[in-house]
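Throughout, a chain's letter reflects where its sequence line sits, starting with A, and its residues are numbered from 1.
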Amino acid sequence: MKIITAVRGFKDILPGESEKWQFVEGKAREIFGNFGFREIVLPILEKTELFRRSIGETTDIVEKEMYTFVDRGDESLTMRPEATASVMRAYLEHGLYASESLVKLYTIGPMFRRERPQKGRFRQFNQLNAELLGSKDPRVDAEVILMLITFLRSVGVADARLEINSLGCPACRPAFREVIHKDLEEKRDGLCEDCRRRLSTNPLRIFDCKVEGCKAIVATAPLLIEFLCGECREHFDAVQSGLRLFDTPFEVNARMVRGLDYYTKTAFEVTTGALGAQNAIAGGGRYDRLVEELGGPESPGIGFAVGLERLVAVAPIPDETVIPRPELFIAALGKEAQDFAFVLCNRLRMKGALAETDYGARSLKSQMKRSDKLGCRYTLILGERELRERKALLRDMKDSSQQPLGLDDAENTILGILSTE
RNA sequence: GUGGGUGUAGCUCAAGUGGUUAGAGUGUCGGGUUGUGGCCCCGAAGGUUGAGGGUUCAAGUCCCUCCACUCACCCCA
């Protein structure tokens, strides 16, 4: 019979890797917590309308990548392709803007996009999102970026590139859009097929096209950064000087674009060379109009998303630091000894010790092998002889020394020895 | 959605131009003195060669179709 496999683009995270995820999540909780962010747990399904309105009707995500279906109640639902929209929805739905002027939230969980899988790209992938609402102060932009970099460093990623840009606001972007559209329209013939299409849908996207011909054209085209309005210019400068106060090297990439429509002003991206074509491990930006567009009060915000699969792939987390090893293995010989081991082993566990044993009635040799393989520091040898004499043998697997250990008080003796390790 | 690459044991891979019962390493299990791990030695289990069809006396090998995985385009975390 043919076995059933996981759905394409959906992955299992097995033990060995799952511990690394826990490590990364633990660091995030710790550092985000220090910066005053609190966790919000969100549903994975939302009304389709939420994403259509926030992400943008003409974006690739909405046009062709969403897992959308009609529920039995004739309602169109979508498995979230990103988290910011959901955070905004919850922010509005629960009136969080009323309880506090500044709201800092983070959330961890799976996102879904029906793209063709490749290295670093999956149909279900996990993101770690942080969103800060209620301030348009540029220092907040720098603070959020600083938090991201601090987190990345805490998991050992120190050599990633931080790129920032400004995408302008409703005051300056439309004007630039016209300029660039006009400029590129004149050079239309030199553009690739995709870019000719983008000309009418999303001209800004042409800036990060990888086709050589387009790159050359774009190299001489005007940049949005040159057309920023006074407010945006000032904001962008302030973000940069904010970052300079800390040890966070960055570079301005005037050609960086974001895939979602709601971004304004600050946009940033963290990339690494170790991931193949999908080189972004984190990306984010400011979205000052998003809440209003969803029908809420004026609530400027900024946030970012970290791709956990990608981060875990590049974070140098040694196995030894995260994979648990039992402290004690109880090798039991014979039915009676096994019964004793059953009780002792579980009592130790209930007291917080990492103990392991074997009920398979296997030879002492096999059990020693297992103890060694599990990486146990000690093995307690418990046979009929030891049971009779009420004294087991505690073997130190490091130096192969053995000492007798009274059975009547074994539990406490062992806990004492393990606690001094 | 479009290209390229790859599918043989749980894992990593072998099997000149088609030719007996498809091999090795590793892992698993057992053994090498009676009750003692690592190193070494021996043995066992484990395969519908991704699936289906075709050519042939004969297909893991050649042809076709499908599927899966993978890398890239696209897009993005």
Side-chain angles (χ1 to χ4, degrees), chain A residues 1-9 11 14 55 59-65 80-84 108-130 148 152 160 192-195 197-198 202 205 208-211 256-260 267-272 275-285 303-314 329 331-334 337 360 362-387 392-402:
Chain A
M1 193 167 76
K2 207 171 175 189
I3 62 164
I4 297 166
T5 58
V7 176
R8 156 181 283 214
K11 289 267 181 301
L14 303 176
I55 298 171
T59 56
D60 279 15
I61 292 178
V62 170
E63 276 184 348
K64 50 194 187 199
E65 294 174 359
R80 63 177 184 195
E82 60 111 34
T84 303
I108 303 177
M111 310 296 155
F112 305 85
R113 290 184 203 170
R114 201 185 179 293
E115 299 178 90
R116 191 81 175 259
Q118 73 180 76
K119 190 180 180 71
R121 190 171 74 184
F122 314 96
R123 289 182 171 182
Q124 175 179 334
F125 58 100
N126 291 273
Q127 279 189 346
L128 207 163
N129 277 77
L148 170 61
L152 294 177
C192 71
E193 200 181 318
D194 285 325
C195 286
R197 179 176 48 78
R198 289 183 185 123
N202 194 352
R205 273 248 88 89
D208 63 359
C209 181
K210 283 159 195 147
V211 177
M256 184 173 77
V257 190
R258 304 262 69 210
L260 292 72
F268 56 94
E269 213 167 85
V270 178
T271 57
T272 161
L275 275 173
Q278 309 301 317
N279 61 0
I281 55 178
F304 63 78
V306 179
L308 282 178
E309 280 79 2
R310 292 181 185 179
L311 179 58
V312 169
V314 299
F329 186 89
L333 296 165
R362 305 198 298 164
S363 69
L364 179 58
K365 181 178 181 158
S366 312
Q367 297 190 57
M368 294 292 292
K369 276 189 178 174
R370 175 121 188 273
S371 172
D372 183 60
K373 203 194 162 196
L374 292 172
C376 300
R377 178 62 210 279
Y378 294 100
T379 303
L380 188 74
I381 297 166
L382 186 58
E384 282 151 22
R385 193 190 304 148
E386 285 75 17
L387 220 50
L393 287 169
L394 184 68
R395 183 182 179 86
D396 184 329
M397 298 298 276
K398 228 180 235 168
D399 62 14
S400 299
S401 66
Q402 292 185 177

Checklist entry - How far does the P atom of B/A68 sit from the matching atom of B/A24, given to the nearest Å? => result 34 Å
Next on the checklist: Give me the stems containing RNA chain B, sorted by first residue, counting only three or more consecutive Watson-Crick or G-U pairs with both distances under 3.5 Å; say none if there aren't any.
Outcome noted: B:1-7 with B:67-73, B:10-13 with B:23-26, B:28-32 with B:40-44, B:50-54 with B:62-66
Checklist entry - Mind checking what makes side chain to side chain donor-acceptor pair (under 3.5 Å) contact with A/Arg80, not counting sequence neighbours? => result none
Next on the checklist: Restricting to side chain to side chain donor-acceptor pair (under 3.5 Å), what partner residues turn up for A/Glu309, sequence neighbours left out?
Outcome noted: A/Asn126
Checklist outcome for this item: Residues passing the side chain to side chain contact (heavy atoms under 4.5 Å, CB included) test with A/Lys365, sequence neighbours excluded, are A/Ser363, A/Lys369
Report, one line per pair, each donor and acceptor closer than 3.5 Å where one atom sits in a side chain of residues 108-115 of chain A; sequence neighbours left out.
unit_1   : atom_1 : unit_2  : atom_2 : d
A/Arg113 : NE     : A/Pro81 : O      : 2.8
A/Arg113 : NH2    : A/Pro81 : O      : 3.0

Next on the checklist: A/Lys64: which residues meet the salt bridge (charged side-chain N to carboxylate O under 4.0 Å, His left out) condition with it, sequence neighbours left out?
Outcome noted: A/Asp60
Next on the checklist: Going by side chain to side chain donor-acceptor pair (under 3.5 Å), name the residues that satisfy it together with A/Asn129, two or more places apart in sequence or in a different chain.
Outcome noted: A/Glu131
Item to check | Reading 5' to 3' through nucleotides 26-39 of chain B, protein heavy-atom contacts under 4.0 Å coded B for base, S for sugar-phosphate only, - for none | outcome: -SSSSSB--BBBB-
Next on the checklist: Among residues at least two apart in sequence or on other chains, which ones pass side chain to side chain contact (heavy atoms under 4.5 Å, CB included) with A/Asp396?
Outcome noted: A/Arg377, A/Tyr378, A/Lys398, A/Asp399, A/Ser401
Next on the checklist: Strictly under 4.0 angstrom, non-hydrogen atoms only: write out the protein contact profile of nucleotides 70-77 of chain B, one letter per nucleotide from the 5' end, B, S or -.
Outcome noted: SSBBBBBB
Item to check | B/C39 and B/U26, which share atom name P, separated by this distance in whole Å | outcome: 11 Å
Checklist entry - Quick one: side chain to side chain contact (heavy atoms under 4.5 Å, CB included) partners of A/Leu333, sequence neighbours excluded? => result A/Leu364, A/Gln367
Checklist entry - Around atom CD of A/Glu384, are there more than 12 heavy atoms of other residues, nucleotides or ligands at under 6.0 Å? => result no
Checklist entry - Given the P atoms of B/C69 and B/C76, what is the spacing between them in whole Å? => result 24 Å
Checklist entry - With rounding to whole Å, what would you report as the distance between B/A9 and B/G46 at their C1' atoms? => result 6 Å
Item to check | Set of residues satisfying side chain to side chain contact (heavy atoms under 4.5 Å, CB included) with respect to A/Gln402, sequence neighbours excluded | outcome: A/Ile381, A/Leu393, A/Arg395
Next on the checklist: Taking the C1' atom in each of B/G27 and B/A44, what is the distance between them to the nearest angstrom?
Outcome noted: 14 Å
